[in-house]
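Working notes, structure below.
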Amino acid sequence: MTTTTDRLVATKKAASEPGNCWVLTDSFGVDLDYGDGIFHFDTKTKAEERAEHEDLEHRPRRLDKPCVLVACSCCDYVFDEDEWTNHFESLDEARKVLPDFGWVPGENGTWRCEGCAKGTCDCEADRA
Ligand SMILES: [Zn+2]
Ligand SMILES: [Zn+2]
Ligand SMILES: [Zn+2]
């Protein structure tokens, strides 16, 4: 079923890299979190490398469902795409969190990143 909100998850990354993320979990079942969100890794290897690098006891754990990724409808920037990624568990969570980072909802369930929303990018110039 296709709804307008499906566009939120239809990023290039999600399409090209199917499969659930990995997190690092300690022996108490607590996921690695430096207070800024839980770290997600694309692959088990990346998670293991991180644990080794930081000398952590954490072990990789595969999430039981895919994450929600949000890309800017204008510049394709993926929210929080960094050394590590902080993904959303659901579209509802994304809608709650994105405005705090300056992202602005557009038409048909799309979002624009802070930079684009401020109107400094090329696509905004095209529109003017
Ligand atoms: Zn994830
Ligand atoms: Zn953008
Ligand atoms: Zn833009």
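Both ligands and their constituent atoms are indexed starting at 1 by order of listing. Note that the numbering runs from 1 along the sequence shown for the chain. In this text, all values refer to a predicted model and were calculated from it rather than measured experimentally. The figures here come from the full heavy-atom set of this structure, side chains too, leaving out hydrogens, waters and symmetry mates.
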Query raised in the report: Quick check: does Cys116 have an N/O/S atom under 2.8 Å of the Zn ion (ligand 3)?
Result: yes
Query raised in the report: Is any N, O or S atom of Cys74 under 2.8 Å away from the Zn ion (ligand 2)?
Result: no
Report summary line: Looking at His40, the N/O/S atom that lies nearest to the Zn ion (ligand 1) is called ND1
Side chains of [X] and [Y]: closer than 4.5 Å at any heavy-atom pair?
X	Y	value
Arg50	Glu54	yes
Cys116	Trp111	no
Phe41	Leu24	yes
Arg61	Asp31	yes

Query raised in the report: Where the Zn ion (ligand 2) is the centre, what is the SG-to-SG angle for Cys75 and Cys72, rounded to 10°?
Result: 110°
